Amino acid sequence: MTASQEAHDVQHLKSQFKFYPDYPKPGINFCDILPVLRDPLSFEMLISHLVNHVFNHTIPALAAQKKGAKIDYVVGLDARGFLLGPILAMRLGAGFVPVRKQGKLPGECQQAIYEKEYGQDIFEMQTSSLKPGSNVLVVDDLIATGGSAKAAGELVKKLGSTTVEYLFVVAIPFLKGTDKLDGPSYSMIDID
Ligand SMILES: O=P(O)(O)OC[C@H]1O[C@H](OP(=O)(O)OP(=O)(O)O)[C@H](O)[C@@H]1O
Ligand SMILES: Nc1ncnc2[nH]cnc12
């Protein structure tokens, strides 16, 4: 795909986002990506863009460090990361594993407490959900302050695996969320 086709796709997807000022709290300009999923061609465009990024950039960078290395799991964040993670995992030939908010997963879990743009929360992963030593992509719809993604990365580490890259559809750069992360990140679209 050429750079101008990519720019066209990004513009097309961005035009479908809807913004809700002062939701869920005053001062937050909530970015809703759900309209993209209502249109199958747009959703395909979104998923293909992320898959191409992983095949053209993430996996070659990983393979340069260790020959034959691959993505073992896509870890998706509760709740909108669940809309992207499984389909991305299937296209990459990887497993999907959810990070859930506290009290939703059965069996032994690991926990991470975190602050996000509009409050505090607790994330959990099932202790046995990742084979130790795995390569993981953490995926979410959006990174704001980075609290959620950082907590997910901490959980991956607690389970003995490595976050190879953090992937987002949208980033809000002025909140400097990626500064909190312990690894590289990629976002398709920046908003203010
Ligand atoms: O970078 P941060 O400041 O941590 O914010 C980003 C997180 O906030 C939103 O989720 P939210 O916590 O609203 O949960 P939801 O997907 O269940 O609505 C979004 O989907 C990210 O997960
Ligand atoms: N501005 C925002 N829009 C959508 N989800 C968010 N999560 C944190 N900040 C957000």
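Keep in mind it's a predicted model, so treat the numbers as computed, not measured. Counting convention: from 1, in listed order, for ligands and their atoms alike. The first residue of the sequence shown is numbered 1, and numbering continues consecutively from there.
At the top of the distance list for atom 11 (P) of ligand 1, counting protein heavy atoms only, stands Y118 OH, 3.5 Å. Of the protein's non-hydrogen atoms, the one nearest atom 9 (N) of ligand 2 is E117 OE1, 2.3 Å. From the protein, the heavy atom lying nearest to atom 3 (O) of ligand 1 is T145 OG1, 2.5 Å. In this structure, atom 18 (O) of ligand 1 lies nearest to the protein heavy atom R80 NH2, 3.3 Å. Ranking the protein heavy atoms by distance from atom 16 (O) of ligand 1 puts A79 N, 3.1 Å first. When hydrogens are left out, the protein atom nearest atom 22 (O) of ligand 1 is D140 OD2, 2.4 Å; that is the closest non-hydrogen contact. Given atom 12 (O) of ligand 1, the protein heavy atom at minimum distance is K116 NZ, 2.6 Å. At the shortest separation from atom 5 (N) of ligand 2 among protein heavy atoms lies F30 CE1, 3.5 Å. For atom 7 (N) of ligand 2, the nearest non-hydrogen atom of the protein is Y118 OH, 3.3 Å. Nearest protein heavy-atom neighbour of atom 17 (O) of ligand 1: K101 NZ, 2.9 Å. At the top of the distance list for atom 19 (C) of ligand 1, counting protein heavy atoms only, stands D141 OD1, 3.4 Å. Among protein heavy atoms, the minimum distance from atom 1 (N) of ligand 2 is reached at N29 O, 3.1 Å.
Ligand 1 lies less than 4.0 angstrom from a heavy atom belonging to D78. Ligand 1 has at least one atom lying under 4.0 Å from a heavy atom of G146. The closest approach between a heavy atom of Y114 and any atom of ligand 1 is not below 4.0 Å. Residue contacts with ligand 2: I172 is included, with a non-hydrogen atom under 4.0 Å away.
Among I33, D140, I191, L142, the residue whose heavy atom sits closest to atom 6 (C) of ligand 2 is L142. Residue C31 holds the heavy atom nearest to atom 3 (N) of ligand 2 of all those in G147, A144, C31. Residue nearest to atom 7 (C) of ligand 1, selected from A149, A151, S148, A171: S148 (by heavy-atom distance).
Where the criterion is an N or O separation shorter than 3.5 Å, residue side chain and backbone included, L142 fails it with respect to ligand 1. The N/O atoms of E115, backbone and side chain alike, include none that comes under 3.5 Å of an N/O atom in ligand 1. Taking only nitrogen or oxygen atoms, main chain and side chain alike, I143 does not reach within less than 3.5 Å of ligand 1.
T178 is listed as a side-chain neighbour of I143, based on a closest heavy-atom distance under 4.5 Å.
For NZ of K176, the number of neighbouring non-hydrogen atoms (other residues, nucleotides, ligands) closer than 6.0 Å is 12 at most. By the neighbour-count criterion of 12 heavy atoms within 6.0 Å, atom NZ of K116 is densely surrounded, having more than that number from other residues, nucleotides or ligands.
At a cut-off of 3.5 Å, with distance as the only test, no side-chain donor of T145 or E117 sits close to an acceptor on the other residue. A donor-acceptor contact closer than 3.5 angstrom is absent between the side chains of E124 and Q102. Looking at H57 and E165, their side chains never bring a donor and an acceptor atom within 3.5 Å of each other.
Contacts between K25 and ligand 2 below 4.0 angstrom, taking non-hydrogen atoms only, are absent altogether.
The backbone N or O of K70 sits less than 3.5 Å from a side-chain atom of N135, completing a donor-acceptor pair. With S134 contributing its side chain and S161 its backbone, the two residues share no donor-acceptor pair below 3.5 Å.
Taking the six-membered ring wherever Trp is involved, the centroid distance between the rings of F19 and F30 does not fall below 6.0 Å.
Salt-bridge formation is detected for the pair E44/R91: a Lys NZ or Arg NE/NH1/NH2 atom is positioned less than 4.0 Å from an Asp or Glu carboxylate oxygen. A salt bridge links D78 and R100; the closest N-O separation between the charged side-chain nitrogens and carboxylate oxygens is under 4.0 Å. K158 has no carboxylate O lying under 4.0 Å from a charged side-chain N of E154, or vice versa, which leaves the two without a salt bridge.
A continuous path of hydrophobic side-chain contacts links V139 to L46 [ILVMFWY only; heavy atoms under 4.5 Å].
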